[in-house]
Visitor: 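Handing you a structure now.
To find a chain, count down the sequence lines: A is the first, B the second, and so on, and within it residues start at 1. Quick note: numbers below take in every heavy atom, side chains included, and nothing from hydrogens, waters or symmetry partners.
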There are 2 protein chains.
Amino acid sequence: MEDSERPKKQKELIEHIGRQNEREGFQPVPARIMGLLMVMDKEEYTFEEIVEEMQISKSSVSTALKNLEIRGIIEYITYPGDRKRYFRFVSGEIDGIVNDMEAKMMKSLETIKQIIELKKDPNSRNAMFLKTISAGMEFFIQKLDELKIEYKKNK
Amino acid sequence: MEDSERPKKQKELIEHIGRQNEREGFQPVPARIMGLLMVMDKEEYTFEEIVEEMQISKSSVSTALKNLEIRGIIEYITYPGDRKRYFRFVSGEIDGIVNDMEAKMMKSLETIKQIIELKKDPNSRNAMFLKTISAGMEFFIQKLDELKIEYKKNK
DNA sequence: TTTTTAGTTCGCAACTTTCCGAACTAATTT
DNA sequence: AAATTAGTTCGGAAAGTTGCGAACTAAAAA
């Protein structure tokens, strides 16, 4: 890869990541800032640099950075004698990703159990089918826990 | 549970499921219709019954049902001598849920690999950290495949 | 053939989201 | 003390989304 085409491709990838993150519920601006901090060779950006690089207003950047920080997706560091904050992506662990998946599944499972509980006929089509799904989810959740332990050991 | 309070609780659960589905990217009306078809004791609804039960306009119900059907979330059946379509929830399998999870993970993995490929310095902080995540994802995706087979066998 | 049933399609009003500029604050420099 | 830096907060304009009613269609019934 030639150095000249790298930045252009990186910008395209940021846009792609932006749209992907939007599908996960992020707003357009935070979604793209996440991309910026992951993709570019420069891995620490100041507030002002983000404003210039992304051509987004200071107010939008301010709001976006606060949100991303609260969510634990980005963090900032400061250097002695420099008032600026340097923002960077938080190096999450695979555990976190799997935990999120598991948490979502557990929430669905909770809801499914509530549906079953409220069914007048526990042998109705939906009740039967939801019971099967419920059992499957429990199986996978348990196995995911085991896998997390297995992965941690081997690493 | 007394029969008198069941419908009320079911309605509340539909609203809860509606909001949960909205977080998954569904629009309010389809999100709640999904809930209706899963929760209520009556498990097959005609177009008109949905309009009355949910107090939503015919046009909105029409659009919502079409979308849900295209996505494979609901289906309809007809009975001989009856022009109405009876809508019901599609009894998906746990496999489908796990596949969706896996597909999402694989998409993320693809993106992460692209980021790594575009990094000038393959030993940068983000490059290193993304490589770790990447390896972890590959591990979990493979194990999920194995688990799907294991589950199918035991069932 | 006309009417009714069972929906679909379209344009628009209402609502929500997103983003911006202007005005502000609080710390640091001049 | 005044000006600059590094942001934050707020109100509103612009854009996007949602859901409705009205007008439509196609099949069946009268």
Visitor: So which of A:Glu43, A:Glu75, A:Glu69 actually passes salt bridge (Lys or Arg N to Asp or Glu O under 4.0 Å) with A:Arg88?
Guide: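 For A:Arg88, the salt bridge (Lys or Arg N to Asp or Glu O under 4.0 Å) test succeeds with only one of A:Glu43, A:Glu75, A:Glu69, which is A:Glu75.
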
Visitor: Which heavy-atom pair separates A:Ala64 from A:Ile33 by the least distance, and what is that distance?
Guide: CB-CD1, 3.8 Å

Visitor: How many whole angstroms separate atom CG of B:Leu65 from atom C1' of C:dT9?
Guide: 15 Å

Visitor: Treat primed atoms plus P, OP1 and OP2 as sugar-phosphate and everything else as base, then score nucleotides 21-30 of chain C 5' to 3': B for base contact with protein heavy atoms under 4.0 Å, S for sugar-phosphate contact only, - for none.
Guide: B-----BS--

Visitor: Taking only residues two or more places apart in sequence, or in another chain, which ones meet B:Lys107 in a side-chain contact (heavy atoms from CB on, under 4.5 Å)?
Guide: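 Partners of B:Lys107 under the side-chain contact (heavy atoms from CB on, under 4.5 Å) test: A:Arg23.
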
Visitor: Have a look at the helix from C:dT1-D:dA30 to C:dT30-D:dA1 and give the angle its two end axes make, five pairs each, rounded to 10 degrees.
Guide: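 Nearest ten degrees gives 10° for this helix.
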
Visitor: Can you name the ring pair (Phe, Tyr, Trp, His ring centres under 6.0 Å) partners of B:Phe47, sequence neighbours left out?
Guide: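 Here no residue qualifies.
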
Visitor: At a heavy-atom distance below 4.0 Å, what parts of residues 12-34 of chain A sit against DNA chain D?
Guide: none

Visitor: Side-chain N or O of B:Arg85 versus OP1/OP2 of C:dA6: is the shortest distance under 4.0 Å?
Guide: no

Visitor: How about CD on B:Glu12, more than 12 heavy atoms from neighbouring residues, nucleotides or ligands closer than 6.0 Å, or not?
Guide: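 Counting other residues, nucleotides and ligands, CD of B:Glu12 exceeds 12 neighbours.
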
Visitor: Let me know the distance between CG of B:Asp82 and C1' of C:dT5, rounded to the nearest Å.
Guide: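 After rounding, the gap between these two atoms is 11 Å.
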
Visitor: If the test is ring pair (Phe, Tyr, Trp, His ring centres under 6.0 Å), which one of A:Tyr45, A:Tyr76, A:Tyr79 qualifies with A:Tyr86?
Guide: A:Tyr79

Visitor: From CD of B:Glu48 over to P of C:dT4, roughly how many Å is that when rounded to an integer?
Guide: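 So the two atoms are 16 Å apart, to the nearest Å.
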
Visitor: Heavy atoms, side chains only, cut-off 4.5 Å: are B:Arg6 and A:Lys120 in contact?
Guide: yes

Visitor: Tell me, do B:Arg71 and B:Ile73 make a side-chain contact under 4.5 Å, heavy atoms counted?
Guide: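 Yes, their side chains come closer than 4.5 Å.
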
Visitor: B:Ile50 CD1 to C:dT8 P: how many Å, rounded?
Guide: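 Taking CD1 of B:Ile50 and P of C:dT8, I get 11 Å after rounding.
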
Visitor: Using side-chain heavy atoms (C-beta onward) and a distance below 4.5 Å, is B:Phe26 in contact with B:Met34?
Guide: yes

Visitor: Measure CE/A:Met54 against C1'/C:dC19 and give the value in whole Å, please.
Guide: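 To the nearest whole Å, that distance equals 14 Å.
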
Visitor: Given D:dG7, is OP1 or OP2 found less than 4.0 Å from the side-chain N or O atoms of A:Lys66?
Guide: no

Visitor: Rounded off to whole Å, could you give me the CG-to-C1' distance for the A:Leu68 and D:dG7 pair?
Guide: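 Taking CG of A:Leu68 and C1' of D:dG7, I get 16 Å after rounding.
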
Visitor: The criterion is side-chain contact (heavy atoms from CB on, under 4.5 Å); which residues satisfy it with A:Met101, sequence neighbours excluded?
Guide: A:Leu144, B:Met101, B:Met105

Visitor: For B:His16 and B:Gln20, run side chain to side chain donor-acceptor pair (under 3.5 Å): C-alpha distance rounded to whole Å, both residues' side-chain angles, the deciding distance at 0.1 Å, then the answer.
Guide: CA-CA 6 Å; B:His16 172 77; B:Gln20 199 164 295; 3.3 Å; yes

